[in-house]
Amino acid sequence: MKSLGWLIGCALALACAHEGKGVVGERDTNMKGTVAADVSQPQSASTADAATAAIRPFNVSVPEKALVDLRQRIAATRWPDRETVADRSQGAQLAKIQALVRYWGTGYDWRKAEAKLNALPQFTTNIDGLDIHFIHVRSRHKNALPVIITHGWPGSVLELTKVIGPLTDPTAHGGSAEDAFEVIIPSMPGYGFSGKPTGTGWDPDHIARAWAELMKRLGYTRYVAQGGDWGAPVSSTMARQAPAGLLGIHLNLPATVPPEVAAALAGGGPEPAGLSEKERAVFESLMTYAKKGNSAYNVIMTARPQAVGYGLTDSPAGLAAWMLVHPGFAQWTYGDDPEKSPTKDEVLDDFTLYWLTNSATSSARLYWENGGRGITSAAAQKTAEISLPVAITVFPEEVYRPPETWARRAYRKLIYFHEVDKGGHFAAWEQPELFAAELRAAFKSLRPADRKVAAR
């Protein structure tokens with residue numbers, strides 16, 4: 001990540017590009033944001049349409065009373081008894097979660113995260129009746145390639161901020177000016193500072209269309225998309241929908257599980273005939289993953305997101321323990337190594353964002369909206385209908401590590417496949433420099449010879 005001054009400079013430059021007067025308005029009961037607005041008078045239909053499509057600067061400003069309430073709730077936590085096993089197979093272990101949550105209530109400082117966010121150019125725009133929050137950082141290098149990067153659960157825009165510097169200013173991070181990107185990182189509907197859907201229908205297909213509209217509003221006529229976790233089906237759907245301007249996608253949790261393998265996994269085996277040694281190893285890994293209950297959080301949020309949401313909304317400790325169930329945190333050591341990312345504070349930044357925006361339930365509903373369509377299933381994600389170029393990076397600690405044979409079978413126009421030697425589910429969070437290098441390599445062939453990529 002570049003210096004704070006460099007990021008503030010980006011923010012000032014971009015604020016000039018998107019004109020608007022800032023006012024303070026309530027985002028929800030706990031959160032305020034600075035946005036551009038002038039809607040006190042009745043509007044004509046054309047004026048209303050223009051206002052809806054406007055790009056409005058956004059600034060995070062959390063009321064102190066919300067932070068006081070968080071600390072009071074943490075202090076009043078009623079803890080369960082200790083787990084009866086010596087590992088995390090029953091969930092977050094009591095001693096470790098207690099230490100983390102107690103630090104959350106006494107030593108953690110949200111204002112540092114708030115300052116980091118406000119050093120970045122942030123905006124909102126209304127798409128299909130919903131306010132969409134996004135970070136938008138331009139590059140100082142000419143003809144940078146725009147990339148829209150989508151987070152997942154239990155992540156947020158915060159898990160992606162460390163790749164902004166390497167992507168937008170590659171010359172400072174081992175790359176060349178020709179590798180530069182312009183970075184757009186939206187908060188998904190129901191997540192973070194984006195609005196919460198009040199009706200059904202905001203599934204990955206709808207989000208993909210919204211992202212295409214966002215890129216159109218920003219003036220980009222040629223761009224690429226990237227995603228892991230929920231960002232993978234959203235980006236894959238964008239490629240399937242093939243909106244004007246989308247050149248290709250990069251995934252770090254691709255939908256490559258073949259239909260016969262998916263059927264065998266659903267039925268508990270046996271393995272399909274004809275698997276290679278590597279494919280068999282992946283099949284056995286997926287079978288073990290399912291048998292150990294590692295996808296239990298997925299099942300409950302798909303079935304009853306509202307039910308689980310009550311406890312997550314009422315208890316910070318409950319929210320933290322639930323999010324740590326995610327297998328992406330299986331190798332995380334609760335910040336014991338302060339030099340290893342994500343740090344304790346970085347993880348608490350993410351948890352606090354969910355808490356302050358009261359988005360535990362609204363974010364969980366995406367699982368229900370998806371209707372159980374497996375995000376790693378080639379058939380469920382309709383990869384056969386994707387004709388745009390697809391690039392894949394496999395990180396060794398990811399929950400699913402697809403073999404190249406399955407990847408080439410799933411995506412008929414696979415232009416890049418690379419297995420790296422470090423990183424896991426939260427790859428951009430854990431290994432931002434490596435993640436950025438992978439995007440440079442993955443999209444290199446999609447940069448046009450005339451270099452005229454970004455519409456200004």
Side-chain angles (χ1 to χ4, degrees), residues 1 27-28 30-31 33 58-60 62 66 70 104 108 110-124 130-137 148-164 183-197 202 204 207 210-211 214 226-235 252-253 297 301 305 309 312-313 316 319-320 322-326 328-329 332 341-367 424-430 432 435:
M1 185 65 67
R27 291 287 297 141
D28 62 27
N30 290 331
M31 186 64 54
F58 179 85
N59 189 71
V60 181
V62 174
L70 170 60
W104 193 8
Y108 168 77
W110 162 257
R111 297 301 183 191
K112 292 181 180 179
E114 190 174 276
K116 290 177 184 178
L117 284 170
N118 287 335
L120 296 167
Q122 299 176 84
F123 303 89
T124 63
L130 199 69
D131 282 342
I132 299 298
H133 163 266
F134 62 98
I135 295 168
H136 183 194
V137 181
I148 182 168
I149 308 178
T150 308
H151 67 83
W153 185 95
S156 66
V157 295
L158 287 167
E159 70 174 288
L160 302 172
T161 56
K162 288 193 289 186
V163 304
I164 293 174
V183 177
I184 301 89
I185 307 175
S187 294
M188 291 214 294
Y191 287 70
F193 302 114
S194 281
K196 300 178 178 66
W202 277 95
I207 296 170
W211 280 191
L214 174 60
Q226 196 286 327
D229 199 270
W230 278 116
V234 170
S235 300
N252 54 302
L253 189 62
Y297 73 95
M301 291 198 292
L312 306 184
T313 300
L319 175 66
W322 181 255
M323 297 176 95
L324 288 171
V325 162
H326 192 283
F329 284 116
W332 190 58
S341 187
T343 66
K344 180 165 55 178
D345 284 301
E346 287 171 343
V347 170
L348 289 175
D349 289 343
D350 183 63
F351 291 1
T352 308
L353 178 59
Y354 274 83
W355 178 264
L356 294 173
T357 56
N358 194 16
S359 54
T361 307
S362 55
S363 62
R365 292 194 191 107
L366 180 56
Y367 288 81
H425 185 75
F426 301 111
W429 217 2
E430 302 163 5
F435 186 89

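Computed from a prediction, not measured in an experiment: that's the story for all the values here.
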- Query: Distance-only, no hydrogens or angles: does the Asp229 side chain make a donor-acceptor pair with backbone N or O of Trp153 under 3.5 Å?
  - Reply: yes

- Message: Checking Tyr191 now: which residues fulfil ring-ring contact (aromatic ring centres under 6.0 Å, His included) with it, not counting sequence neighbours?
- Response: His151

- Message: Main chain of Val62, side chain of Arg111: is a donor-acceptor contact present, judged purely on distance under 3.5 Å?
- Response: yes

- Message: Please enumerate all residues that pass side-chain contact (heavy atoms from CB on, under 4.5 Å) together with Asp350, with sequence neighbours excluded.
- Response: Ser156, Met323, Tyr354, Trp429

- Item | Contacts of Glu346 that satisfy salt bridge (charged side-chain N to carboxylate O under 4.0 Å, His left out) - sequence neighbours left out | Lys162

- Message: When you compare the side chains of Asn118 and Gln122, does any donor N or O come within less than 3.5 Å of an acceptor on the partner?
- Response: yes

- May I ask you to decide if Ser359's main-chain N or O and Ser363's side chain share a donor-acceptor pair within less than 3.5 Å? yes

- Item | Close side-chain approach of Thr313 to Trp355, heavy-atom, < 4.5 Å | no

- Query: Taking atom CG of Leu214 and atom CD1 of Ile132, what is their separation to the nearest 0.5 Å?
  - Reply: 8.0 Å

- Task: Assert yes or no for the condition that the ring centre distance of Trp230 to Tyr367 is strictly below 6.0 Å.
- Result: yes

- Note on the structure: Between the OG atom in Ser235 and the CG atom in Leu253, the distance rounded to the nearest 0.5 Å is 11.0 Å

- Distance (rounded to the nearest 0.5 Å) between His136 NE2 and Ile185 CD1: 10.5 Å

- Report the residues that fulfil side-chain contact (heavy atoms from CB on, under 4.5 Å) with Ala364, sequence neighbours left out, ordered by chain and then residue number. Met301, Pro305

- Task: Grab the two heavy atoms, one from His326 and one from Pro154, that are nearest each other, plus how far apart they are.
- Result: CD2-CD, 3.4 Å

- Message: For Trp202, give me all partners under ring-ring contact (aromatic ring centres under 6.0 Å, His included), at least two apart in sequence or on another chain.
- Response: His206

- Taken in chain and number order and not counting sequence neighbours, the residues that satisfy side chain to side chain donor-acceptor pair (under 3.5 Å) with Thr352 are Trp104

- From CD (Gln226) to CD1 (Ile149), nearest 0.5 Å: 5.5 Å

- Query: Which heavy-atom pair separates Ala428 from Leu160 by the least distance, and what is that distance?
  - Reply: CB-CD2, 3.7 Å

- Message: For Gly190, is there any backbone N or O sitting under 3.5 Å from a side-chain donor or acceptor partner on Ser362?
- Response: yes

- Please check if the distance between the ring centroids of Phe134 and Phe123 is under 6.0 Å. yes

